[in-house]
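Proteins get letters first, then strands, A, B, ... in listed order; numbering begins at 1 in each.
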Number of protein chains: 2
Amino acid sequence: MPADHLNGRREVTVSDVAAAAKVSKATAARVLGGYGAASEAVRDRVQAAAEELGYRPNALAKTMTTGRSNSIGIIVGDIENPFFAQATRGAADVAKAAGYDLILLNSDEHADAEENAVSVLLAKRVDGILVAPASTTDPSTLRAAVERGRPLVLFDRIADGLDVDAVVADNRAGARRLTDLLLEAGHRRVAFVSTIVHEGDYRVGDRLGSSSVGDRVTGFVEALEVAGIPDPARFVRLNARRDGVDAIVRGLVDEGITAIVASDSLIAQAAFRTLRELGIPIPTAVSLVAFDDADWTSLSAPAITVMAQPIHEIGAEAARLLIRRIAGDGSPHENVVLPQRLIERESIAPPPD
Amino acid sequence: MPADHLNGRREVTVSDVAAAAKVSKATAARVLGGYGAASEAVRDRVQAAAEELGYRPNALAKTMTTGRSNSIGIIVGDIENPFFAQATRGAADVAKAAGYDLILLNSDEHADAEENAVSVLLAKRVDGILVAPASTTDPSTLRAAVERGRPLVLFDRIADGLDVDAVVADNRAGARRLTDLLLEAGHRRVAFVSTIVHEGDYRVGDRLGSSSVGDRVTGFVEALEVAGIPDPARFVRLNARRDGVDAIVRGLVDEGITAIVASDSLIAQAAFRTLRELGIPIPTAVSLVAFDDADWTSLSAPAITVMAQPIHEIGAEAARLLIRRIAGDGSPHENVVLPQRLIERESIAPPPD
DNA sequence: GTGAAAGCGCTAACAA
DNA sequence: TTGTTAGCGCTTTCAC
């Protein structure tokens, strides 16, 4: 009983409407679907019949014949992360305006979940896919989509060796600027902290799993290099999830670090809490800056100086690009880089002597 | 060219696989779909052929014949709102575990957007719908789904006159407790602030557009009544979006209010900022409490005492209920009420004399 | 302007 | 165990 849905009723179809309006199925379909031509009289009869019977189109059947589903898939790390929630909203608004809906999948930044998500979306015949790739260096999970010619647009990070469009923020410039601020305040011992997974200690040139974090690290290192600080790589602390931000921050303090660049606002939050618990005042003892203008950063005492990203726009622009590809735009793939914006607050001070 | 997607290639189908494996379409479908029986030899041949050709099932075609799409729709006010993001994650996890995907739609709390969202979901033949109804008092936008027998579960708020399942938090008890805390500290002039739209001044017994806010107001009023405070309704301030939280808080301060109950963390945030700008210290001059354990509430100075909601669980439980209904559970509709949890911090002090 | 018929990719009887 | 045959609800030729 396909048409009934766990339920006695049967869905009313174009055939039903056609019969009621005493026209052929094709004609009814034409007026109901808003394509082809029909005399006014017929149109009225069909519409009346449809109304009367409570006709609801079956978008799936339409997709079966047209090949277009009017839905796009979006794969995020975790919708609960405000970054992804905002980007998703940006994408949703653009999509909706163009008549598309979003099928949402969380990857938790795991390759297998991502691969599975792609399979599901491909099976559901989405018209295109938006994805924040779990891995920049090994995007093999996304290959299935690309090979099948399904339009795919990356956001937040790029993927090596995948010829697709991408929309990212200018993380390198942002990191550089943020770090410069610290350097200008007189700091010489400043650390960069990220949760990104990485084997062993970071060394200049290492490719990281996420291009956005990678670019931030690059910008950070560059700033230190320009300032003439030897061996900047030693100030980069990764694997913060595994090792614990708390432990890392404590270690940093013990080492005499005087400033911290947090790779995202969650890390900043953890660092902030740890410093507070340790009774180490910000910014007089340790300065703290971060990426993302999370709401708490302006409410905390002190308020945190941050590099804001145009998150909404990242999602929106990615959706725009994807929709253009779906529409058949065959121009060369783009790599859109959006600027970040510095918001100076109260979390930087000169290092203590 | 239905099967091609903006692209030369044609999708490979069961027929293709069947031909390659030299078996009938039905047999190929059986092994590919994992139903029915097949000899090991045949199974191997079919699987090899499928692998070889790069077969990908078409979930839509399957839905057409089975009537089940394995996707559920979720309509939230705004995915960017952390509350909805968390509830969505809770729902997504449960859904995924049961083999369902989520089609996400934002209503912005508008009836027309909600109605449109329902139409889209019905057209896409989702197996069920999860929705935080934009209006408790006029859920006519949701009737279409209910009438068609599509399982529907509400979360966060209930809807009058709609016989469906719902999962909400115990807002009334939560509000009462929060207000009692203020009363116990000695406050007599405490206000409740919400962005909910309401015609004219609030009067006891008025039905509000959102049952969750309505329940909070009820709990608040009850607490004041029990404390013997005359005419509690005058302390309820609604329409904060239209009037501006800022203006409302200023007015409250002028009126000599000594404590504020914020109906959600966004209002609390705005109130916090306003009080800070006004140079009015929390909690010595004005005490402030709120709903939802937003991250900033523990990072601000002072940290805010809040009534935390089991947001994740609200979404998860709603999804569980929905999936049970989809599976055919015909027992009477439930109204699940989850407890809230008080987190006492530093934003309450006795009123100044 | 309207209708008849085929087909999208799959599952579901029913036979063999 | 395997194959044949109908559909699911829609769009799309192609006639009329």
How about A:Val153 and A:Val164: do any of their side-chain heavy atoms sit closer than 4.5 Å?
-> no

Does one side chain, of B:Arg56 or A:Ser119, offer a donor that lies under 3.5 Å from an acceptor on the other?
-> yes

Winner on side-chain proximity to A:Thr13, out of C:dC10, D:dC10, C:dT2, is D:dC10

Side-chain atoms of B:Asn58 come closest, of C:dC10, D:dT4, D:dT11, to C:dC10

Does D:dT2 have OP1 or OP2 sitting under 4.0 Å from an N or O in the side chain of B:Ser39?
-> yes

Nearest to the side chain of B:Ala29 - C:dT2, D:dC10, C:dT11?
-> C:dT11

Of the listed nucleotides D:dG9, C:dC10, D:dT11, the one nearest the side chain of B:Tyr55 | C:dC10

Taken to the nearest whole Å, CG/A:Leu60 to C1'/C:dT11 is 15 Å

Check the distance between C:dG9's C1' and B:Arg125's CZ and give it to me in whole angstrom.
-> 18 Å

Looking only at N and O atoms, is any donor in the side chain of B:Arg30 or the base of D:dG3 less than 3.5 Å from an acceptor on the other one?
-> yes

For C:dA12, does OP1 or OP2 lie under 4.0 Å from any side-chain N or O of B:Tyr35?
-> no

Among the nucleotides D:dT2, D:dC10, D:dT4, whichever has the atom closest to the side chain of B:Ala26 is D:dT4

Give a yes/no on whether any side-chain N or O of A:Thr27 is located under 4.0 angstrom from OP1 or OP2 of C:dG1.
-> no

Under 4.0 Å between a Lys/Arg side-chain N and an Asp/Glu carboxylate O for B:Arg320 and B:Glu317?
-> yes

If you check the B:Ser24 side chain, which of D:dT11, D:dG3, D:dG7 turns out closest?
-> D:dG3

Can you see which heavy atom on B:Ile326 is nearest to which on B:Tyr100, and at what distance?
-> CG2-OH, 3.4 Å

Atom-pair distance (CD on B:Glu40; P on D:dT2), nearest Å | 11 Å

Among C:dA12, D:dT11, C:dC10, the one nearest any side-chain atom of B:Lys62 is C:dC10

Got B:Leu154 and B:Leu142 here, is their nearest side-chain heavy-atom distance under 4.5 Å?
-> yes

Across the strands shown, which category fits B:Ala38 at heavy-atom distances under 4.0 angstrom: base, sugar-phosphate, nothing?
-> sugar-phosphate

Runs of at least three consecutive Watson-Crick or G-U pairs, both distances under 3.5 Å, are what I'm after; which ones involve DNA chain C?
-> C:1-16 with D:1-16

Of all the nucleotides listed (C:dT11, C:dG9, D:dT12), which has the minimum atom distance to the side chain of B:Thr66?
-> C:dT11

Provide, to the nearest angstrom, the distance between the NZ atom belonging to A:Lys22 and the P atom belonging to C:dT2.
-> 16 Å

B:Lys25 NZ to C:dC8 P, straight-line distance once rounded to whole Å = 9 Å

State, yes or no, whether a side-chain contact exists between B:Asp156 and B:Val168 at a heavy-atom distance under 4.5 Å.
-> no

Short N-O contact, A:Arg45 and A:Glu52, less than 4.0 angstrom = no

When the distance from CG of A:Leu32 to P of C:dG3 is rounded to whole Å, what number comes out?
-> 14 Å

When you check the gap from the basic side-chain N to the acidic O, do A:Asp108 and B:Arg89 get nearer than 4.0 Å?
-> yes

Of all the choices, C:dG3, D:dC10, D:dA6, which nucleotide is nearest to the side chain of A:Val23 once you look at every atom?
-> C:dG3

Rounded to whole angstrom units, what separation is found between the CE atom of A:Met64 and the C1' atom of C:dG7?
-> 9 Å

